[in-house]
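Below, chains carry the letters A, B, ... as their sequence lines are ordered, and counting in each starts from 1.
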2 protein chains.
Amino acid sequence: MARSTRESILTAAAELMRHRGYAGVGMKDIAEASGAPIGSLYHHFRGGKVEIAREALTNAGHAYGLLIPAVVDGYDDLGAAVEGIFAQAAEDMAQTGFANMCPVASVAGEIADTVEELRTATRDVFTAWIDGGTAYFVSRGLGRTMGRQVTLAIVGALEGAFLLARAMRDAEPLLAAGATMAPQFRGIALVPPAHVGGATRSVAT
Amino acid sequence: MARSTRESILTAAAELMRHRGYAGVGMKDIAEASGAPIGSLYHHFRGGKVEIAREALTNAGHAYGLLIPAVVDGYDDLGAAVEGIFAQAAEDMAQTGFANMCPVASVAGEIADTVEELRTATRDVFTAWIDGGTAYFVSRGLGRTMGRQVTLAIVGALEGAFLLARAMRDAEPLLAAGATMAPQFRGIALVPPAHVGGATRSVAT
DNA sequence: GTCTATAGACAGATAGAC
DNA sequence: GTCTATCTGTCTATAGAC
């Protein structure tokens, strides 16, 4: 899965931080999980823990940014698409024993006021999601303003519902979010996706 | 503000964890911020850091659970109320320099898979919010099913939008959430609140 | 570029004087 | 019930052999 040492360090860090956040993960944990000794971590990432986290979050963020468009590709009605996103998320969560999907969210709340370099990293990930989602919805025929608002609402509701679902070990918050947001958009048509299709959905990091 | 030593320890812990999460706050930090020496922390909380966090989160959770009903009290239309909640949240956030409103959310994502005692504490807080919110909306004339779904959706969307807003240092996610959810509920009437009025909105812990 | 050993600071927790 | 001194373990980071 991970060819280089560098890569295995990043995937190990992302996986650990997804579960335990930033401060809860030690360099020793990352070393053990990646199979690399501590020295290698500092050899590949001279910036230490912060740099590892920054790159791990950025990589994971890019991967997760593809998920929403991949799911929406299968729908031609915005309301149905929104419902599908949350239903898919609920299913994934239940299958993974309610572990959070994305390390970015786990870390973002913890470091927003303290580690500026990581705050900007999470901000950049969120911004990329929102800009990318907006562009995607525009390509599916929505107006730019509406595309952006829908993307912001979906991403925000997803992250919050994940938080509740993890703490409660129950998918109800995700389903309630979908059920509440979807009717609003029912009847709004999406034009067929322009690209050929490629992107497949993948849950694991 | 905080009379007893015990109380000042809990408010200091809640305030610190609101900004830095659980693992990011040390006992020494709590001691310094509360004015109590380390020994006092263990005298009052034999369970150590976990017990302090558990009680701090529970207390803060109760306080924040009153906020949504307090805001909604001022509205007689569900759509306007939903919009009001997010507008209010956006205003508060901007005023506090985008610090998260509630320590429960900051901590919940970090410990859901690792510190079971704190996970149940956050779960209990969320459950109390949802049950309390449902009961409140029922008292305002909504059906139980809809009241619960609306509460779940509001709480989830709020937490997620807070996360985005903190990372981005921008209130747009909160406003987008309100704008997206509100129209759905416009025209659904709320009967006047039963109680006399008392509860005033308070942002600080 | 890989890996070991360890420095130096700090964590959570405790004992016990007052 | 308050507070100090300290124990033990772990943290991030580094030095330097290979």
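- A donor-acceptor contact shorter than 3.5 Å is absent between the side chain of Gln184(A) and the backbone of Pro183(B).
- Distances shorter than 4.0 Å separate none of the side-chain N or O atoms of Thr5(B) from OP1 or OP2 on dG1(D).
- When heavy atoms are screened at a 4.0 angstrom cut-off, Val25(A) is found touching the sugar-phosphate backbone but no base atom.
- Between Glu32(B) atom CD and dC10(C) atom C1' the separation is 12 Å, expressed in whole Å.
- For dT14(D), neither phosphate oxygen OP1 nor OP2 lies less than 4.0 angstrom from any side-chain nitrogen or oxygen of Tyr42(A).
- The backbone N or O of Ala167(B) sits less than 3.5 Å from a side-chain atom of Arg119(A), completing a donor-acceptor pair.
- Put simply, CD1 on Ile38(A) is 9 Å from P on dC11(D), counting in whole angstrom units.
- One finds no side-chain N or O of His43(B) lying less than 4.0 angstrom from the OP1 or OP2 phosphate oxygen of dT14(C).
- Within 4.0 Å of Gly26(A), counting heavy atoms only, lie sugar-phosphate atoms of the nucleic acid but no base atom.
- Atom pair Arg6(B):CZ and dT2(D):P shows a separation of 12 Å (rounding to whole Å applied).
- Among dA13(C), dT4(D), dT2(C), the nucleotide with an atom closest to any side-chain atom of Pro37(B) is dT4(D).
- Residue Lys49(A) has its side chain nearest to dT12(D) when only dT12(D), dC3(D), dT2(C) are considered.
- Across the protein-nucleic acid pair, Leu41(B) atom CG and dT4(D) atom P stand 13 Å apart, rounded to whole Å.
- Residue Gly48(A) is classed as a sugar-phosphate contact, given heavy-atom separations below 4.0 Å to backbone atoms only.
- Partner Tyr136(A) forms a side chain to side chain donor-acceptor pair (under 3.5 Å) with one of Asp131(A), Asp73(A), Thr151(A) and no other, that one being Asp73(A).
- Here the P atom of nucleotide dC3(D) and the CD1 atom of Ile9(B) are 10 Å apart, to the nearest Å.
- In the set dA13(C), dT2(D), dT2(C), dT2(D) carries the atom at the smallest distance from any side-chain atom of His44(B).
- When the nucleotides dA13(D), dC11(D), dA13(C) are ranked by their closest atom to the side chain of Lys28(A), dC11(D) comes out on top.
- Here the shortest heavy-atom pairing between Gly141(B) and Val191(B) reads N-CG2, 3.7 Å.
- In terms of modelled atom types and a separation under 3.5 Å, the side chain of Glu110(A) and the main chain of Gly24(B) share no donor-acceptor contact.
- Each of Ser40(B) and Met27(A) lies near DNA chain D, and the nucleotide nearest Ser40(B) is the one positioned closer to the 5' end.
- Rounded to whole angstrom, the span from the CD1 atom of Ile52(B) across to the C1' atom of dA13(C) amounts to 11 Å.
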